[in-house]
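Here's the structure we're looking at; comments come further down.
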Amino acid sequence: MIQVRPSEQMRDLGVVQYGAPVLAEPARAFDLPAERETAEHVIEQLFSSMERIGQVHPFAKGMGIAAPQIGIGRAVAVVQPPAPGTPAVVLLNPRITDRSSETDEQFEGCLSFFDVRGLVPRPLRITVETTTLEGQVLTTTYERGLARLVHHEIDHLDGLLYTARMRTGVDPIPVEQYRQTGRSWTYEQ
């Protein structure tokens, strides 16, 4: 049986892979409500991509995908929280306006280089401004695992990969080694 690398599997599902210029460029914001139709179309494409990917790979810690990861340099991402039945979070023109000084470091993966996982420090709470399709600005606070997922996707829209957030001297580990840790994100209460 031929073994397909996780990154090849993601590429085959339409996810742009590490090294593509679109992943290193800041995404262009939508002018809302003027570009509502365009935004809706990109959001539909993101949900369709998530559905395809979710049929092939389970995501116990939730999942997110940003428009640059499907080759579209626009400022929108979708995050699916891990709890069953929880609605997806649509991040249109997101901007982090506040972050807690309290952080933790957990392993993250990325659909755009799925062969490795990296220990990434992130704030335990972030406040994010987004724009609705009607052009209104909303402010939402996310905590712990959901804050991590949302921050990861906003980084994509800023042209950053999680490796840019890793501590100096800490390298990503192969996914096979990560799987042996068997650890989900844990938080002290």
Side-chain angles (χ1 to χ4, degrees), residues 15 23 26-27 29-30 32 39 42-43 46-47 49-51 53-54 57-70 74-114 116-168 170 172-173 175 178-179 181-189:
V15 178
L23 295 176
F30 288 94
L32 294 165
V42 177
I43 291 167
L46 289 169
F47 274 109
S49 293
M50 284 179 72
E51 189 175 318
I53 295 163
H57 186 85
F59 290 88
K61 296 189 285 189
M63 172 190 179
I65 191 165
Q69 291 181 281
I70 59 170
R74 298 304 301 267
V76 62
V78 175
V79 171
Q80 180 60 60
T86 306
V89 176
V90 176
L91 301 163
L92 259 173
N93 299 341
R95 188 172 67 86
I96 297 174
T97 57
D98 191 30
R99 63 191 78 218
S100 67
S101 58
E102 190 182 5
T103 64
D104 79 335
E105 191 173 52
Q106 304 274 349
F107 277 103
E108 292 184 18
C110 181
L111 299 173
S112 292
F113 53 111
F114 214 52
V116 296
R117 300 295 184 267
L119 265 178
V120 183
R122 296 226 187 245
L124 287 175
R125 188 183 69 254
I126 59 173
T127 301
V128 178
E129 275 186 0
T130 57
T131 310
T132 66
L133 290 166
E134 295 78 26
Q136 298 165 315
V137 175
L138 295 179
T139 301
T140 309
T141 299
Y142 300 99
E143 295 186 355
R144 302 190 180 273
L146 192 51
R148 179 172 292 280
L149 285 166
V150 168
H151 197 245
H152 179 111
E153 297 312 320
I154 291 173
D155 276 355
H156 272 300
L157 300 178
D158 291 336
L160 296 174
L161 298 175
Y162 72 70
T163 50
R165 300 253 182 227
M166 293 174 68
R167 287 183 290 116
T168 304
V170 175
I173 62 172
V175 69
Y178 169 76
R179 283 186 187 132
T181 70
R183 289 190 338 137
S184 288
W185 291 334
T186 56
Y187 296 96
E188 299 297 319
Q189 294 290 23

Once you round to the nearest 0.5 Å, how far does CG of Leu32 lie from OG1 of Thr132? 7.0 Å
Looking at Glu108 and Arg165, does any basic side-chain N land under 4.0 Å from a carboxylate oxygen? no
Tell me which donor-acceptor pairs under 3.5 Å the side chains of residues 76-91 have, and how far apart each pair is, sequence neighbours excluded?
from  : atom 1 : to    : atom 2 : distance (Å)
Gln80 : NE2    : Thr86 : O      : 2.7
Thr86 : OG1    : Ala83 : O      : 2.9

For Ala29 and Arg74, the nearest pair of non-hydrogen atoms, with its separation, is O-NH2, 3.0 Å
One should read off an interatomic distance between Arg148 CZ and His152 NE2, to the nearest 0.5 angstrom, of 10.5 Å
From Thr141 atom OG1 to Leu146 atom CG, the distance as rounded to the nearest 0.5 Å: 11.0 Å
Closest non-hydrogen atoms of Arg117 and Gly109, given as atom of the first, atom of the second and distance, are CD-CA, 3.3 Å
Salt bridge (Lys or Arg N to Asp or Glu O under 4.0 Å) contacts touching residues 76-87 (sequence neighbours left out): none
So which heavy atom on Leu157 is nearest to which on Ala67, and how close? CD2-N, 4.4 Å
Has Asn93 got a side-chain atom pairing as donor or acceptor with Phe30's backbone, closer than 3.5 angstrom? yes
Taking all non-hydrogen atoms of both residues into account, name the closest pair between Pro123 and Ala147 and its distance. O-CB, 4.3 Å
Ring-plane angle category for Phe114 and His57, please: parallel below 30°, perpendicular beyond 60°, tilted otherwise. perpendicular
To the nearest 0.5 Å, atom CE of Met50 lies from atom CD1 of Ile70 at 11.0 Å
For a 4.5 angstrom cut-off between non-hydrogen side-chain atoms, does Leu92 reach Ile43? yes
Can any side-chain N or O of Gln69 pair as donor or acceptor with the backbone N or O of Ala66 at less than 3.5 Å? yes
Spacing of CG belonging to Leu111 relative to CD1 belonging to Ile65, to within rounding of 0.5 Å: 5.5 Å
List in chain and number order the residues that pass salt bridge (charged side-chain N to carboxylate O under 4.0 Å, His left out) with Arg125, two or more places apart in sequence or in another chain; answer none if no residue qualifies. none
Who passes side chain to side chain donor-acceptor pair (under 3.5 Å) against Thr130, sequence neighbours left out? none
Between Arg99 and His151, is any pair of side-chain heavy atoms under 4.5 Å apart? yes
Student check: side-chain heavy atoms of Leu149 and Tyr142 closer than 4.5 Å: no
Would you say Pro172 and Met166 make side-chain contact, with heavy atoms under 4.5 Å? yes
What pair of heavy atoms forms the shortest contact from Gly118 to Tyr162, and how long is it? N-OH, 3.2 Å
Going by side chain to side chain donor-acceptor pair (under 3.5 Å), name the residues that satisfy it together with Thr97, two or more places apart in sequence or in a different chain. none
Under the criterion side-chain contact (heavy atoms from CB on, under 4.5 Å), I'd like the reasoning laid out for Leu161 against His156: C-alpha separation, chi angles, the key distance, then a yes or no. CA-CA 6 Å; Leu161 298 175; His156 272 300; 3.4 Å; yes
Can you spot which of Val128, Ile126, Asp158 makes a side-chain contact (heavy atoms from CB on, under 4.5 Å) with Pro94? Val128
Can you list every salt bridge (Lys or Arg N to Asp or Glu O under 4.0 Å) pair that touches residues 127-139, not counting sequence neighbours? Arg36-Glu134, Arg95-Glu129
